[in-house]
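These notes are about the structure you will find just below.
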Amino acid sequence: MYAFDIKRPRSVEEAVAALADGEAQALGGGQTLIPTLRQRLADPGTLVSLSGIAELKYVRMEGDVLRIGGGTTHAQVAREAAAHYPALASLAGRIGDPAVRNRGTIGGSLANNDPSACYPAGALGSNATVVTGAREIAADDFFQGLFETALDEGEIVTEVRFPVPEAARYEKFIQPASRFALVAVFVARFAGGVRVAVTGASESGVFRWAEAEAALAADFTPEVVRGLTVQAEGMIGDLHGSAEYRAHLVGVITRRAVEGALA
Amino acid sequence: MQTTLKINGESWTLDVDPRTSLLDALRHHLDLTGTKKGCDHGQCGACTIILNGRRINSCLTLAVMHDGDEITTIEGLGEPGRLNPMQEAFVRHDGYQCGYCTPGQIMSATGMLDEVSQGWPSHVSASLEGDVPLSREEVAERMSGNLCRCSAYPGIVRAIRETAGEVSE
């Protein structure tokens with residue numbers, strides 16, 4: 001690792017002040033950033049550790065919206081969201097492994113926007129709103145490509161708001177060694193339409209599959225997905241699977257997600 | 001940077017470079033070498049410790065992030081001559097071959113049984129509510145973060161299930 005200073009704020013206000021220095025970077029649970037630092041792929045002058053901020057850790061329903069604090073661990077979401085939004089709790093309960101879920105946070109995962117991460121699919125598929133100290137950002141505007149988001153320098157995710165759909169399911173086809181998504185799909189049916197968010201597949205990160213959404217809005221059954229195809233161009237191809245294989249999986253996993261949502 | 005850690009019930013004040021992982025602080029600064037470094041990036045689980053009651057990978061966190069936190073390492077569970085029940089069960093069931101992953105396996109299993117006692121379901125649990133029977137499948141899912149390259153898994157699973165009171169062998 002390159003050398004850095006570290007600050008340990010106890011409130012969002014202190015964290016925002018610490019991040020005002022342009023060289024500073026927020027550190028959530030560290031499950032991605034610490035390995036990244038160790039490989040010398042990042043060189044922040046100052047890290048601002050958010051894990052000591054108690055006010056960022058909560059899961060609660062308000063009306064028909066599930067609100068999750070940006071510093072809430074995957075384990076806490078898996079446990080506390082289960083009664084309100086089972087599909088999202090199930091997504092959180094399958095990220096990484098139990099030790100990772102005890103440290104990794106929803107805010108950190110969304111801010112990182114790894115193209116194979118689970119939470120971007122859950123947020124985009126749910127039409128969630130990402131809240132920062134300064135503003136509210138719709139999921140459709142938040143994810144802007146590989147590891148890119150709408151967040152400005154020093155802006156931190158304080159809350160994520162999930163409208164709870166009528167039916168939903170996160171279907172994840174894992175790479176068995178890492179348990180990362182080779183392709184995973186979050187399907188959510190709302191009164192006003194269906195959303196299908198795909199992670200793990202595209203070189204541009206999480207995306208909505210508009211064609212499937214339209215077909216499923218007309219008829220929410222696995223069969224309507226069967227005739228649809230996704231172009232292999234722009235899909236990730238690596239030693240775990242070719243671009244053509246991933247494109248094929250998008251259809252298969254979407255179908256299974258719809259089956260799961262209906263079960 | 002000064003950081004106070006409460007480790008196995010004892011308070012330690014360290015002055016470490018902010019880059020020091022909690023794992024390196026334990027091993028190199030405190031000479032608590034029971035916690036092992038395997039992959040050093042959160043995939044193998046050999047460095048598992050318990051932080052404020054929850055199992056985590058000590059390689060994926062910095063010591064300075066834990067000022068005031070309570071940490072339990074394998075030395076805090078028991079040592080030769082006074083092993084705790086989980087450690088004894090690993091010996092009895094031969095839950096290892098080379099032994100390198102064993103401290104992490106035992107710490108993870110300890111944290112896992114606490115999660116089960118609090119009713120946390122897993123991805124393979126049939127129900128989100130109520131008691132979780134610790135089937136072999138449940139143990140495998142809940143211990144998925146701890147790799148054993150010698151593949152001593154059958155003994156590991158038996159040791160954990162026996163400690164949990166699921167089987168008596």
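Each chain gets a letter, A, B and so on, in the order the sequences are listed, and its residues count up from 1.
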Next on the checklist: With a 6.0 Å cut-off (strictly less than), is the heavy-atom count around CZ of B:Arg136, excluding the residue itself, greater than 12?
Outcome noted: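 It does not: B:Arg136 CZ has 12 such atoms or fewer within range.
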
Item to check | B:His123 and A:Lys172, any side-chain heavy atoms less than 4.5 Å apart | outcome: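 They are not in contact (no side-chain heavy atoms under 4.5 Å apart), so the answer is no.
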
Heavy-atom distance under 4.5 Å to chain A: side chain of [X], backbone, both or neither?
| X | value |
| --- | --- |
| B:Gln118 | neither |
| B:Asp69 | neither |
| B:Leu62 | both |
| B:Asn146 | neither |
| B:Thr48 | neither |

Checklist entry - Any luck finding a side-chain donor-acceptor pair between B:Ser122 and B:Glu138 under 3.5 Å? => result yes

Checklist entry - With distance as the sole criterion, is a donor-acceptor pair present between the side chains of A:Arg8 and B:Thr3 under 3.5 Å? => result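 Yes, side-chain donor-acceptor contact under 3.5 Å.
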
Item to check | Part of residues 55-70 of chain A lying next to chain B, heavy-atom separation under 4.5 Å | outcome: none

Next on the checklist: So which atom in A:Pro98 and which in B:Gly145 form the shortest heavy-atom distance, rounded to 0.1 Å?
Outcome noted: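 The pair with the smallest heavy-atom distance is CD-N, 4.2 Å.
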
Checklist entry - B:Ile50 and B:Met107: which non-hydrogen atoms are nearest, and at how many Å? => result CD1-O, 3.8 Å

Checklist entry - Which atoms of A:Ala3 come close to chain B, meaning under 4.5 Å heavy atom to heavy atom: side chain ones, backbone ones, both, or neither? => result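 Both the backbone and the side chain of A:Ala3 come within 4.5 Å of chain B.
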
Item to check | Side chain, backbone, both or neither of A:Leu33 within contact of chain B (heavy atoms, under 4.5 Å) | outcome: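 When you check distances to chain B, no heavy atom of A:Leu33 falls under 4.5 Å.
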
Item to check | B:Thr61 and B:His66: CA distance, side-chain angles, deciding distance, side chain to side chain contact (heavy atoms under 4.5 Å, CB included) verdict | outcome: CA-CA 9 Å; B:Thr61 198; B:His66 297 291; 2.6 Å; yes

Next on the checklist: I'd like to know whether the aromatic ring centres of A:His240 and A:Phe180 sit less than 6.0 Å apart in this structure.
Outcome noted: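 Between A:His240 and A:Phe180, the centre distance exceeds or equals 6.0 Å.
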
Checklist entry - What residue in A:Leu27, A:Leu37, A:Asp5 has the most heavy-atom pairs under 4.5 Å with chain B? => result A:Leu27

Checklist entry - side-chain hydrogen bond (donor to acceptor under 3.5 Å, both in side chains) between B:Glu75 and B:Thr73: does it pass, once the steps are laid out? => result CA-CA 5 Å; B:Glu75 292 89 347; B:Thr73 68; 2.6 Å; yes

Item to check | Chi angles and distances behind the side chain to side chain contact (heavy atoms under 4.5 Å, CB included) call for B:Arg55, B:Thr110 | outcome: CA-CA 8 Å; B:Arg55 50 181 165 157; B:Thr110 302; over 6 Å; no

